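Report on the following structure.
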Amino acid sequence: TNAIRHYKTQKPMKLIKYIFIHPSPGVWSKDNNARIRDENRSLGFSLGSFLKRNKIYGDKFDGVYFEGVKKPSEQPNIANKLLIVQIIFDEVAYPKNIDKIKINEYLIDRIYEGINQIKDAYPEISENLINGIEEFRKNGYSCTWIHKKRKYENLKIELHCYLDLEFFNLSLIFYNKDNEILFSKIILSTPPNEFSFKHRFKDIIIKENIVIITDSNDIPFYRFNLSSLT
């Protein structure tokens with residue numbers, strides 16, 4: 001097809017870092033639509049991070065959107081910097097209760113349906129999505145990452161993030177020179193939404209023996225006195 005020839009002959013330009021998996025507006029009921037938009041974030045964020053970490057590129061797109069529709073089109077298309085892969089999302093089959101395994105496996109099945117559509121045109125993307133899914137499963141259907149690190153005298157200070165389908169946690173952790181944990185505390189816990197980790201925190205600043213965690217506007221939202229460690 002033209003899409004396959006174009007992909008093979010043109011140099012990929014954009015690093016893929018976004019994966020979305022949810023129905024289009026209006027396809028599902030309001031309540032379930034709100035649920036799945038939160039409950040798919042940990043899987044999508046984990047897969048996006050996996051592709052970004054492995055330096056997987058797309059031609060004119062930096063994300064893949066597995067879009068649930070009533071009547072899928074025959075061919076994936078590119079719009080708004082996304083490779084859009086239309087598939088059927090059965091609302092009746094979506095788990096009624098919060099169950100980390102069942103919900104994520106439902107979403108993974110939808111991704112596999114989409115991969116079957118793009119595996120010939122985008123084999124590297126497809127392979128990395130499959131590998132990323134396996135990593136997500138091994139990590140207990142959640143994703144963790146270190147947002148920021150700082151060293152201060154004999155201390156190592158880190159902001160750790162945890163995201164699953166129920167919540168997002170930000171933890172402040174202090175290590176000594178032997179890499180032993182001196183202090184660990186969840187300083188932010190929210191529903192699993194992008195706002196949590198894109199806007200609520202930014203940096204670690206140390207002033208006069210005070211550790212300050214700032215938000216995206218450089219405004220302090222958490223302070224810790226280092227003297228309490230002794």
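Remember, predicted model here, so these are calculated numbers, not experimental data.
Below 30°, between 30° and 60°, or above 60°: for Phe20 and Tyr18 the angle between ring planes is below 30°, a parallel geometry. Ring-plane geometry between Phe183 and Phe224 is classed as tilted, the angle between the planes lying from 30 to 60 degrees on a 0 to 90 degree scale.
Annotation for Ile111 and Leu43: closest pair CD1-CD2, 3.9 Å, computed over non-hydrogen atoms. The heavy-atom pair separating Cys143 from Ser46 by the smallest distance is CB-CB, 3.9 Å. Between Ile204 and Ile157, the shortest heavy-atom contact is CD1-O, 3.9 Å. Residues Phe66 and Ile115 come closest through the heavy atom pair CE2-N, 4.1 Å. In this structure, Ile101 and Tyr141 approach most closely via the heavy-atom pair CG1-CE1, 3.8 Å.
Side-chain atoms of Ser24 never come within 3.5 Å of backbone atoms of Val69 as a donor-acceptor pair (strictly under, hydrogens ignored). Side chain of Asn176 to main chain of Asp178: a donor-acceptor pair is present (N/O by atom type, distance under 3.5 Å, no hydrogens or angles). Checking side-chain atoms of Asn33 against main-chain N and O of Ile36 turns up no donor-acceptor pair under 3.5 Å. Remark: the backbone N or O of Ile219 is paired with a side-chain donor or acceptor of Asp215 at under 3.5 angstrom. Asp38 places no side-chain N or O within donor-acceptor distance of the main-chain N or O of Arg35, the cut-off being under 3.5 Å. One N or O on the side chain of Arg110 and one on the backbone of Tyr106 form a donor-acceptor pair closer than 3.5 Å. In this structure, Gln117 contributes its side chain and Gln86 its backbone to a donor-acceptor pair below 3.5 Å.
Ile16 has its side chain out of reach of Asp62: every pair of non-hydrogen atoms, C-beta onward, lies at least 4.5 Å apart. Between Val27 and Phe89 there is no side-chain heavy-atom pair separated by less than 4.5 Å. Taking 4.5 Å as the limit, every side-chain heavy atom of His160 sits out of range of all side-chain heavy atoms of Thr144. At least one side-chain heavy atom of Ile125 sits less than 4.5 Å from a side-chain heavy atom of Phe61. In this structure, Val211 and Tyr152 have side chains that are not in contact, with every pair of non-hydrogen atoms separated by 4.5 Å or more. At least one side-chain heavy atom of Leu129 sits under 4.5 Å from a side-chain heavy atom of Ile19. Counting heavy atoms from C-beta on, the side chains of Leu155 and Leu182 come closer than 4.5 Å. Here the side chains of Leu188 and Asn169 are not in contact, with every heavy-atom distance at 4.5 Å or above.
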Criterion side chain to side chain contact (heavy atoms under 4.5 Å, CB included) on Asp203 and Asp218, from CA distance to verdict:
CA-CA 8 Å; Asp203 206 354; Asp218 296 317; 5.6 Å; no
Can you list the steps and then say if Asp59 with Tyr122 is a side chain to side chain contact (heavy atoms under 4.5 Å, CB included)?
CA-CA 10 Å; Asp59 180 23; Tyr122 304 100; 5.6 Å; no
Assess the residue pair Asp31 and Ser29 against the criterion (side chain to side chain donor-acceptor pair (under 3.5 Å)); give the C-alpha distance rounded to whole Å, side-chain angles, the decisive distance to 0.1 Å, and a yes or no.
CA-CA 6 Å; Asp31 289 343; Ser29 63; over 6 Å; no
Take Val64 and Leu82 through the test side chain to side chain contact (heavy atoms under 4.5 Å, CB included) and record every step on the way to the result.
CA-CA 5 Å; Val64 183; Leu82 293 175; over 6 Å; no
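Checked for salt-bridge contact, Glu105 and Lys102 miss the test: no charged N lies under 4.0 Å from a carboxylate O. At a threshold of 4.0 Å, the pair Glu135-Lys138 does not count as salt-bridged, since none of the basic side-chain nitrogens sits closer than that to a carboxylate oxygen. Between Glu166 and Lys100, no side-chain nitrogen of the basic residue sits less than 4.0 Å from a carboxylate oxygen of the acidic one, so the salt-bridge criterion is not met.
Screening Phe201, Phe168, Tyr162 for a ring-ring contact (aromatic ring centres under 6.0 Å, His included) with His147, the sole residue that qualifies is Phe201.
Taken from CG in Leu163 to OG1 in Thr190, the straight-line distance is 8.5 Å, to the nearest 0.5 Å. Within the model, atoms CG of Asn128 and CZ of Arg53 stand 10.0 Å from one another, a figure rounded to the nearest 0.5 Å. Put simply, CG on Leu83 and NZ on Lys60 are 13.0 Å apart, with the number rounded to the nearest 0.5 Å. Between the OH atom in Tyr57 and the CG atom in Leu15 there is a gap of 5.0 Å [rounded to 0.5 Å]. Note that CD1 of Ile87 is 5.5 Å distant from CD of Glu113, once rounded to the nearest 0.5 Å. For the atom pair Glu39 CD and Leu165 CG, the distance stands at 5.5 Å (nearest 0.5 Å).
When hydrophobic clusters are built by joining Ile, Leu, Val, Met, Phe, Trp and Tyr residues whose side-chain heavy atoms come closer than 4.5 Å, directly or via intermediates, Leu229 is not grouped with Ile210. Hydrophobic clustering keeps Ile205 apart from Leu170 (ILVMFWY residues linked when any side-chain heavy atoms are closer than 4.5 Å, directly or through intermediates). In the hydrophobic cluster analysis, where Ile, Leu, Val, Met, Phe, Trp and Tyr join through side-chain heavy atoms closer than 4.5 angstrom, Tyr222 is grouped together with Ile206. Side-chain heavy atoms closer than 4.5 Å link hydrophobic residues (I, L, V, M, F, W, Y) into clusters, and following such links, even through other members, never connects Ile88 to Ile21. Note on Ile186: it does not cluster hydrophobically with Ile213, by side-chain heavy-atom contacts below 4.5 Å among ILVMFWY residues.
Applying the 6.0 Å contact sphere to CG of Asn225 captures more than 12 heavy atoms from other residues, nucleotides or ligands.
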